[in-house]
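First up is the structure itself, then whatever we jot down about it.
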Amino acid sequence: MHIHSGVFARSLDEEPEWKRRYREEREKRLHARPEGSEQYRPIKGTISHYLDDPWKGIDEHVREPFHFDATVIIVGGGFAGQLMARNLLDQGIADFRIIEKGADFGGTWYYNRYPGAQCDTESYIYMPMLDLVEYIPTEKYAHGPELFQHARNIGEKLGLYEKTLFRTELKEIHWQQDSGLYTLKTDHGHRIRAQFVIGAAGSLHRPKLPDLPGLESFAGHSFHSSRWDYSYTGGDVSGNLARLQDKRVAIVGTGATAVQIVPHLADWAKKLYVVQRTPSSVGIRANRPTDQEWAKTLAGQWQKPRMVNFNTLLSGGRVSEDLVQDGWTRLRQALLPRKTADTTPEQLAEMRDAADLALMEGGRRRVDEVVKDKATAEALKPWYKTLCKRPCFHDEYLPAFNRPNVHLVDTQGLGVDHLTERGFVVKAKEYEVDCIVFATGFERATTWSHRAGVQVYGSNGKTFSEACKGGMETFQGWTSRGFPNFFIMSAQQSFFTPNNPHASTVQAEHLAYVIKECSKRGIRSVQPTAQAQQEWVDMIVQSSKLRMAFQAECTPGYYNNEGKVNDRIAKDSWYGGRSSDLIAQFEAWKEDGQLKGLELTPNRSSSKSRHDMSRI
Ligand code: NDP
C-alpha cells in the first residue's frame, strides 16, 4: 500500500523512495571509487606545474639567506594569520614575523582569482576586522578582488608588510630543548629561531587532482581553478574571457568553485563541457549592493555580534532575530525540528527527515523551473541530504545550461575515466577539447604537515605527521603533546562554522592570550598534559559520533572522507556538538585563568636570551 506519491512514495514494508534514491546514488559513487581519498594524486613530479603560482611575479629583491630571531612566527598570511597578528599586537607582542609563500596577503583570495570568485558567506560577517580598516563591503556577497584588497588593507593598517617574508615557504621546524626555541628552515635557506610557531596555513588550500590515467598526455592546456591562467583565457576575475571564443573548454567538477566559474566560461567558450560526477545543490543567491542607509546605522562593535548571531543559528541554536537572513540561515532554520517535550527520538528523526526532504525537493524544483532541457535538468538534481555536501548559492549557474554552447556531461557518478592527447573520456566516449579546468577541490584528508608543506620535529624525536598518523592528537585543537609552543589554527578537533574567519577570530584571541600569559608568568614553553590531550581527543571522537552516523549515509565527498567514515576521520573531525557551545567553553577556560590542561615549563632564571618572555 502506498501512503504518498512521488518521491514520498513508500509501501509500509519498504524504505521510502527518497531514501532508496539517496542510497543508490551513494552506492553508485562508492562503487565507482572504492579507493576513497586515494583516488586523488599528490601534485608533484611531472604534474608539479599545477601548483605554480601565476601571481608570484618576479622577485626583485636579492634573496640572500639571512638569519633572525623572533618571539612568534606565523605561518600563512591569509585572514587567519592576519587575525593572529592583530591579536598579538593587541596583547603588546610586536616581535613576530609572518612567513607567506604567496607574493601578498589574502591566502584563499590571493590564490583563488578564478572568474566569478566570490564570498559565499555574507561579507559583513566574513570580512574580518572591518572596524580596523573602517570599511563596509560594497555588496552583501563581495567578489574576489574586494576580498583580496581587504587583506591588503589589513596588511597596510597593521604594518604587516614590514613583518612578512613573502614568496617564502617554511619547510621544517625543529624544537631545541636546550634553548626552548624552534629553528626554522625555509626554501630560501633562511635560518630563523622562534619561541612560538603558529600554523595558520588554511584548511582547504592545497589543490588536488584526480589520479587520471593520461593526465600527462593531454596536449591541450589545463590548470587548477586556484591557479587560473588568464594569459590563456584572457579577461580577469570579473570575466571577459575573450580568448576562449574559439576554444572548446571542459571544466571538471561541479562543487562550490565550479558553480561560480561556469557562468563565465559559458559566456565565452565556443563550447563548454561541464563534467559532473555529483550535482551540487544550488540555492538562491540574491546578492545586492550594500544599502548605504543601513550602513550608516552600523556603529561601534557591530560585527562580532552579527558573527555570533549567524553562528548561533548555524550551530542549531535560536536567536530572537536572524540578522543575516540568507540562504545559510534560512536553510539551517528550515532544518530545525519544532519538537515538544513529548516528541520521541523516532518522531524527531522523522521530523528531521521531512524537513530535509522538503528543502532538497525545493532545490530540485528550482532546477526544473530554470533548466529547459528535461534530461539536463534531471541530471542536475542532487540526491542526498542537505548537509551531506557543501550547499551552494548562485543565480547564474543553472541558467548557463540553457545556452546552446553549454553541455552537461553527466558521468552518472563515475567521473572522468581518463585523459587522452586530445581530451577526456567518459563512459568510453572521447570529448575533444582545447582546455581543461580542474575545479576538483583541495586536500582535506591528508596530514596537516602535508597540506601546510611544513614538517614539525618535536621534543620527543617524532614528527607531527608521525604523532598524528592515526588522526589528530591535540588539546583544544591547537596544541599537541611533544610539540611545545607549536600552535595550530584549524577546525580539526576545534570548532567549525561556514564563516571561517569567525573561527579564526576566536582562535587568534585564544592563542594570543596563551602567549601573553606565558610572558606574564615567566613560562618558557607550553604543551598539553597527556591526560588533558587524551580527554580532549576522546571528547571530540565521542561528540563526532552523531555526525559520523549521518555522514556514513551521505554521498561521498571531502565532508565524509570520500565515503570512508572511520575512526581516523572521527579524530580529524571538529567538535560534533554546537560550535557555539565549544566557543563558550574556550571563553570559560580563558576566564578561569588557570591554563588548565597545559604543562608549563618556566623560564630558566639564568637565561638572558632575548627570548626571555618577560621582554615581549
Ligand atoms: P570540491 O571538493 O567541493 O569539489 C570538487 C569537485 O570535483 C566535485 O564536484 C567532485 O565531484 C569533482 N571531481 C573530483 N574528481 C572528479 C573526477 N575524477 N571526475 C569528475 N569530477 C570530479 O571543491 P571546490 O573547489 O568546488 O570547493 C572546495 C571548498 O572551497 C568548498 O566546499 C567551500 O568550502 C570552499 N569554497 C568557498 C567559496 C566561498 O565563496 N566562500 C567559493 C568556492 C569554494 P564529487 O562531488 O562527485 O566528489
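One-based numbering along the sequence shown. In listed order, ligands and their atoms are each counted from 1.
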Quick one: does Thr440 get an N or O within less than 3.5 Å of an N or O on ligand 1?
no
Salt bridge check: are Arg403 and Asp267 linked by an N-O gap of less than 4.0 Å?
yes
Atoms of ligand 1 close to Leu204 [distance to a heavy atom under 4.0 angstrom, numbered from 1]
29 (C), 34 (O)
Tell me, yes or no, whether the heavy-atom count around Gln303 atom CD, taken from other residues, nucleotides or ligands under 6.0 Å, exceeds 12.
yes
Selected option - heavy-atom contact closest to atom 47 (O) of ligand 1, from Thr278, Asp120, Asp211
Thr278
Any atom of ligand 1 sitting under 4.0 Å from a heavy atom of Tyr126?
no
Quick one: look up the protein heavy atom nearest atom 19 (N) of ligand 1 and list residue, atom name and how far away it is.
Val416 N, 3.1 Å
Is the NZ or CZ atom of Arg113 positioned over Phe148's six-membered ring, under 6.0 angstrom from the centre and within 45° of the axis?
yes
Starting from atom 27 (O) of ligand 1, locate the nearest protein heavy atom and write down its residue, its atom name and how far away it is, to 0.1 Å.
Thr257 OG1, 3.7 Å
When distances are taken from atom 4 (O) of ligand 1, the protein heavy atom at minimum range is Gly255 CA, 3.8 Å
Please find out if less than 6.0 Å separates the ring center of His407 from that of Tyr273.
yes
for atom 12 (C) of ligand 1, nearest protein heavy atom and its distance come out as Gly253 CA, 3.5 Å
With a 4.0 Å cut-off on N to O distance, would you call Glu24 and Arg26 a salt bridge?
no
Would you please determine whether Lys389 falls within less than 4.0 Å of ligand 1 on a heavy-atom basis?
yes
Give me the one residue out of Arg33, Arg29, Arg444 that meets salt bridge (Lys or Arg N to Asp or Glu O under 4.0 Å) with Glu562.
Arg29
Under 4.0 Å from any heavy atom of Gly441, which atoms of ligand 1 are there?
2 (O), 5 (C), 23 (O), 25 (O)
Atom 35 (C) of ligand 1 - nearest protein heavy atom and its distance
Arg390 NH2, 4.3 Å
Under-4.0 Å salt bridge between Lys385 and Asp356
no
Interfacing atoms of ligand 1 (cut-off 4.0 Å, heavy-atom, Gly415)
19 (N), 20 (C)
Do Ala256 and ligand 1 have an N or O pair less than 3.5 Å apart?
yes
Could you tell me which atoms of ligand 1, counted from 1 in the order shown, lie closer than 4.0 angstrom to a heavy atom of Ala439?
5 (C), 6 (C), 7 (O)
What do you reckon, does Thr254 have a nitrogen or oxygen under 3.5 Å from a nitrogen or oxygen of ligand 1?
yes
Element-labelled atoms of ligand 1 that are located less than 4.0 Å from some non-hydrogen atom of Val252
19 (N), 20 (C), 21 (N)
Residue pair Gln333 / Asp322, side-chain donor-acceptor N/O under 3.5 Å:
yes
Nearest protein heavy atom with distance in Å, relative to atom 18 (N) of ligand 1:
Pro210 CB, 3.5 Å
Atoms in ligand 1 flagged as close to Gln118, the criterion being non-hydrogen separation under 4.0 Å:
39 (C), 40 (O)
Quick test: of every protein heavy atom, which one is nearest to atom 14 (C) of ligand 1, and how far off is it to 0.1 Å?
Tyr40 OH, 3.2 Å
Atom 31 (C) of ligand 1 - nearest protein heavy atom and its distance:
Tyr558 OH, 3.5 Å
Please answer whether the main-chain N or O of Gly557 pairs with a side-chain N or O of Asn560 as donor and acceptor at a distance below 3.5 Å.
yes
Does Arg227 pair with Asp52 as a salt bridge, N-O distance under 4.0 Å?
no
Please determine if Glu509 and Lys304 form a salt bridge, counting it only when a charged side-chain N lies under 4.0 Å from a carboxylate O.
yes
Tyr114 neighbourhood, listing ligand 1 atoms whose heavy-atom distance to it stays under 4.0 Å:
42 (C), 43 (C)
Out of Arg277, Arg444, His394, whose heavy atom sits nearest atom 15 (N) of ligand 1?
Arg277
We want to know whether Tyr558 and Ser37 form a side-chain donor-acceptor pair, criterion being a heavy-atom distance below 3.5 angstrom.
no
Salt bridge or not for Glu139 and Arg288, using N-O below 4.0 Å?
no
Run the contact test for Thr121 against ligand 1 with a 4.0 Å cut-off on heavy atoms, strictly below, and give the result.
no
Between Glu396 and Arg285, does any NZ, NE, NH1 or NH2 come within less than 4.0 Å of an OD or OE carboxylate oxygen?
no
